[in-house]
There are 2 protein chains.
Amino acid sequence: MTAGAVGESVRRVDIEAKVQGRRRYPQDFSLPGMLHAVVVWAGYPHARIRRIDPSEALAVPGVLAVLTHEDVPVNEYGINIYDQPVLASDKVRWLGDRVAVVVAETLRAAERARDLVRVDYEELPIVDDPLEAMRPEATLVHEDRRSNLLKHIYVRRGNVEEGFAAADVIVEGTYHTPFVEHAYLQPEAGLAYIDDEGRVTVICAAQWPHDDLRQIAHALALPLEQVREVVPAVGGAFGGREDISVQILVALAAWRLRRPVKMVWSREESIRGHGKRHPFHMRHRWGATKEGRLTAVEIEAVLDAGAYASTSVPVLENAVSFLAGPYAVPHARIDGYAVYTNNAVTMAMRGFGATQPPVGYELQMDRLAEALGMDPVEIRMRNLLEPGSIAVTGNRMPAVTSARETLRAAALAAGWREEPQGWRRPGASILRASHLRRGIGVACAYKNVGYSFGFDDRSTAIVELALASDGSIQSALVRCAAVEVGQGVTTVLAQLAAQTLGLEVSRVRVALTDTAATPSAGSSSASRHVFMSGNAVVKACRQALEKRDAALREESGATRIVAEATFRGHDVRRTTAYDIVDGHCEPHISYSFGTQIAIVEVDIETGAVQVDRLIAATNAGTPVNPRLCLGQVAGGVHMGVGYALMEEFIQQKGQVRTARLSEYHIPTVADMPRELESIFTEVPDPDGPYGATGLGETPTLPTAPAILNAIHDATGAWITELPATPERVWRALRGVPAQPAAPARRPCP
Amino acid sequence: MTAGAVGESVRRVDIEAKVQGRRRYPQDFSLPGMLHAVVVWAGYPHARIRRIDPSEALAVPGVLAVLTHEDVPVNEYGINIYDQPVLASDKVRWLGDRVAVVVAETLRAAERARDLVRVDYEELPIVDDPLEAMRPEATLVHEDRRSNLLKHIYVRRGNVEEGFAAADVIVEGTYHTPFVEHAYLQPEAGLAYIDDEGRVTVICAAQWPHDDLRQIAHALALPLEQVREVVPAVGGAFGGREDISVQILVALAAWRLRRPVKMVWSREESIRGHGKRHPFHMRHRWGATKEGRLTAVEIEAVLDAGAYASTSVPVLENAVSFLAGPYAVPHARIDGYAVYTNNAVTMAMRGFGATQPPVGYELQMDRLAEALGMDPVEIRMRNLLEPGSIAVTGNRMPAVTSARETLRAAALAAGWREEPQGWRRPGASILRASHLRRGIGVACAYKNVGYSFGFDDRSTAIVELALASDGSIQSALVRCAAVEVGQGVTTVLAQLAAQTLGLEVSRVRVALTDTAATPSAGSSSASRHVFMSGNAVVKACRQALEKRDAALREESGATRIVAEATFRGHDVRRTTAYDIVDGHCEPHISYSFGTQIAIVEVDIETGAVQVDRLIAATNAGTPVNPRLCLGQVAGGVHMGVGYALMEEFIQQKGQVRTARLSEYHIPTVADMPRELESIFTEVPDPDGPYGATGLGETPTLPTAPAILNAIHDATGAWITELPATPERVWRALRGVPAQPAAPARRPCP
């Protein structure tokens, strides 16, 4: 067996350099003659810009330039739609809008000058509630649009009236999820310079460098070949680096001033300046027979897109496909709306539209179970999507799925018993502390792997083999722009190459991502690299072996073999967009499934919730590196616990109330489950490399609803608005409504 | 359905009076003209008494008498053998020996005088180690015996040499369990007086009042009819009240002085003066095939009986029958020895010889599992005694057992999976605290219900029905001397009567135990009352119904029906003593089974062990009162946790080092498992009343070995000497031997 082959928990190939401080993050780079740039941020969440006066700022010694919209060749960018100005010209739409960039010889000079850039604003009424924003009379965030509605996507399946008529019970619920901050360790930073070949080169943390190139080139009106991005070590991403942050700003400054320019955001700038996870307002109405079979679902979801589109449309597309959960439903009416507001831009974040829906659909399942007196595992087992069954979007599920396997594994680990009359939950237990109530909650969830809705997802890898004179492989170099954001993709690609080439993993090197040297692999998102780039690497390795064999047959004496291969998602499953009439589509290339069971203890005196145990059953197909998979589960659960219990990015009238990590709380070690049990169901993905598939996002999805269901099990209270802070739980236990000062929540339109 | 019928968690019938302080415990009683008595305790653990001089004591004003051995008509007592003097005459053999009783008008006078009783001792060499005590040259504790060996009991089954030759692995282990204090809430107390019918009457806490009568009458040389015992509320017993404590002393004083006499022991007197659980020194050698089938066991156990026999012989008999665990073994050589020493008398304590063996046999099972790389549940499943299989003592097990059911239930609740290739343990989990190591441990255990080895176990109940003129039952009174020691037997007997009579439980009254009014029910021990007295009550009720029906047929107009019935254990299964040649016997009437799984966290920095979860699967047949059954489980686990982790009655050279509860630690709430999950497997006992059976002791048995196995699972260290204090665990983790000062442990003989 090859050392480091698939299935082995090989040590991360990048860990030694990181631990020893030798791997550099973007802010660690400097160049001779380097300038410093800082952003002049919008002063209001919604205001007209009457005038920008840089004169005082320019008078500060050392200041070389105050760049404004007038300096941007094509003043627009955006990952999905070009609706965002690089530097605001006529108006600002949120506090994260950038109005100008001050460039100086020193950081100190740049910061002094920033405060002297005079911007004359005319405040505009703000629209900070997506439900208000949808009204015809609402203030427009983008005046060139007819309304603030960015997108409406829907599914019509069967006949919901008929479905509800056939139901023995109907349960309804309204659910709200908050804005969430990515809170990566390393705030945004970048260094741009003109390289030896005359390319504007940006060193920065990114998830999708080749898409950054497109946007930089567009804004600077340069051909793609004249732009380059290099991605060194990245301190976390979680979707928050899929959008442009500093890239165009430093590129613009370096291009204009022909000197290296560096920009480093503070933590507060990072929190104020980059997008967030979408808040969802959801309304659910579900019907089921007394045997627990779903008959109909009616779901509306309103997403706050914030000031600019970012990926709100694809997030909405994803959300609509997942809103009814991994369940078979004959009749469905699902409507999703993405709405512009003057709130923070919302964007990709771990789960990408699949994270919020389980907070609705999994609570609905438990409401149905309660109404029917049915075990929560049993009711899920009766409705789960099977291989080949028809999803709510009308497509047929793949021939291999693992929803049932993950639910079964988690239930067994939690002490459920499968009995002739159905699944039966574990018995009640005695707690030694009388102010604590214990509860157990189940949640299933699923998500796409790879890009969806007709996007031509692909990844390209180049493999270079160094041969000995007898043709044996001495070492291999893998070139593939799959960014290592901390998830371990470099290690996994090295293992897949090692496995395919029959080489020790220590003999495989994976090149750093540099758009000038590594072919496009797509984004480090959508749990896709193991599947997409893994397949590309395996394919390239196989081609390289064939070339090597041919060279041996020809006795060419070649010492170096190069092979390039592209893996296309559409070769596995051709996805399609939502049908305009009924919303039917083939949404996703591939799927990932997970079930979690949370055992919580609720302090009924304070409302504090502690997760005692969390059992996470996840399907990673055949795990390439079980320890790295476990890392994804632990990290996903960490985010899920934060989502469930404490994380909430709060804006009031467009002002940020949680701009520091002392105000925006992410879970510490003490907030994590006292015990985390991770199970990999190991249902191989027939389309994945060696049966492997992605799992980067799935472990985040079931955590919050499992915790909410456990809180209900412990106390009888439904917490339907995240996060379940001690105050919210305390109020729910006592039936005390929220303080009047808090913004009132309205039902969906 | 009758309110309060079998299966309902009826509120304890005695709870209201207890909670309101209306039920009196022995020390709460007083009578006009009552005297106070105190004990003069032995001054040395082993000493000849040269002379007792009470003159100074008698001179204290108010002192009426200093009773010594000369005042005792027949100066011997003992529950099993009359080897104990009521008041020491020629020598004392332990610190708990009583030398004299001072009786005075006031407690103060009695206490003052106690210090003035001059006893002239000649110290003798003490023997405080049972292994030393077995040597031929050892000092004799009882000079009229040839050796200190009280009893040797053995089993020879098959051919162990052959069995070991057939083994693929052999594992050995030496295990030590400590002296354990009963630590009941209420220390010993009693009040004796001459009742209106001239009987010496003792009001005291007791487990077996009719056996107390026998011993009191014997010592006082009175016919049984002239002695009476009344048992009011009892503050715990746990076997510690099966032996005589104050009974003969107060009876003697009242009989001599013809006035009421009261004696109340302090906590320190209680700890010094009453017996303890037997320490066991065990040596095990077990063989198994690579499939995990046991081929042979060789076991030696040495029990420290202390200074007097008490129930050491029946405890030893029980222990030998259980030393190989609930497993089928073709070849066995088992030897048990009970040895006199000058240590505290050892006696009955919850489990009665079945509590110590699992500390050996369950660790042996895990050692075998480890040696074979086999799952600990799987190896047990492969060896468990089945219904009808042959036990190590050569008898056939009953047609219904529940060993497998309890193991299966506990394993499933803990997350084990039954797979085609066998049972598989739950996966490892991540703990948030890095100084903690988590482990999971399994232990099975079993125990007899009712008296064993040929003892003619029986219980008698009288039922009196009050009838209305139409013959319907107005109320019922149950008379049965089954002492309510806190376990809830009164409630359970009331429920069984209610069920049989078709009456609401509120209409059934159970009379307080009074030997003059309630027939003998045997002891509140051996988990026997539900089975024995329950059957007696049901039988008496059925006879009463027949009598009532006959009276109705005869139109006798009777308004009161009385029926008495005796239930004999031998009608279910006739037990026999150990065969003198091979030890074969029919040991027990009936069996109780339990499995526990402990999940512990070991602090590797301090050695402290916290039980995080404990899953207790117990068979109670059809539970008569599930909540009371749960109380037994919680209490049993509490004792088991103390046994495992902290309880140790320490004597050094015959002196007590733990005479206070500040030195002898029992678990507080904070030491209990954070979570206790109790499962009743509900395999009905075909011989029990309505399928019910006893479970008072079984929940204590598996706790300690489950915890020890979990500590091993967490850390790799075997703790083989109880309790697993932080120091012992810390030393085991670091391979640091105990301090030289601590008494060295030697192997078994």
Side-chain angles (χ1 to χ4, degrees), chain A residues 405 408-419 423-440 597 599-601 610-618 626-627 630-631 633-635 637-638 641 667-682, chain B residues 405 408-419 423-440 597 599-601 610-618 626-627 630-631 633-635 637-638 641 667-682:
Chain A
E405 286 78 0
R408 186 183 162 75
L412 289 173
W416 254 264
R417 297 175 67 156
E418 193 171 7
E419 297 185 348
W423 286 84
R424 191 171 140 191
R425 60 175 288 164
S429 55
I430 307 172
L431 287 191
R432 66 175 190 216
S434 62
H435 61 296
L436 300 180
R437 294 288 177 277
R438 193 176 188 85
I440 188 162
I597 295 182
I599 292 108
V600 308
E601 290 174 8
Q610 172 71 53
V611 183
D612 187 54
R613 290 176 73 202
L614 196 130
I615 296 155
T618 320
R627 191 188 304 265
L630 181 58
V633 172
V637 166
H638 176 264
V641 168
T668 67
V669 162
D671 301 307
M672 279 292 279
R674 290 186 64 257
E675 183 192 356
L676 170 61
E677 186 176 335
S678 168
I679 303 161
F680 295 113
T681 44
E682 303 198 14
Chain B
E405 286 79 0
R408 185 183 164 75
L412 289 173
W416 253 264
R417 298 176 68 156
E418 192 172 7
E419 296 186 347
W423 286 84
R424 191 170 138 192
R425 61 175 286 164
S429 55
I430 307 171
L431 287 192
R432 65 175 190 216
S434 63
H435 62 296
L436 299 180
R437 295 287 178 276
R438 193 176 188 85
I440 188 163
I597 295 183
I599 292 109
V600 307
E601 291 174 7
Q610 171 71 53
V611 184
D612 188 53
R613 291 176 73 203
L614 196 131
I615 296 154
T618 320
R627 190 188 305 266
L630 180 58
V633 171
V637 166
H638 176 265
V641 168
T668 68
V669 161
D671 301 307
M672 279 292 278
R674 291 186 63 258
E675 183 192 357
L676 170 61
E677 187 175 336
S678 168
I679 303 162
F680 295 113
T681 44
E682 303 198 14

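A, B, ... follow the sequence lines: proteins, then strands. Residue 1 opens every chain.
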*How many angstroms lie between CD in A:Glu601 and CZ in A:Arg437, if you round to the nearest 0.5 Å?*
11.5 Å

_Most chain A-contacting option - heavy-atom pairs closer than 4.5 Å, from B:Ala670, B:Ala411, B:Ala409, B:Ala616_ = B:Ala670

*Measure across A:Glu677 and A:Arg613 and return the closest heavy-atom pair with its distance rounded to 0.1 Å.*
OE1-NH2, 3.4 Å

_Less than 4.5 Å to any heavy atom of chain B: does that hold for the side chain of A:Arg425, its backbone, both, or neither?_
neither

*Can you name the closest pair of heavy atoms from B:Pro626 and B:Phe680 and give their distance?*
O-CE1, 4.1 Å

*Heavy-atom pair count under 4.5 Å with chain A, highest-scoring of B:Leu436, B:Asp612, B:Ile615*: B:Asp612

_List the residues meeting side chain to side chain contact (heavy atoms under 4.5 Å, CB included) with A:Ile430, not counting sequence neighbours, and say none if there are none._
B:Leu630, B:Ala634, B:Leu676

*Between B:Ile599, B:Leu614, B:Val669, which residue shows the highest count of heavy-atom pairs closer than 4.5 Å to chain A?*
B:Val669

*Residue part contacting chain B, namely of A:Arg417, when any heavy atom lies under 4.5 Å*: side chain

*State, to 0.1 Å, how close A:Ala413 and A:Ile679 come at their nearest heavy-atom pair, and which atoms those are.*
CB-CD1, 3.6 Å

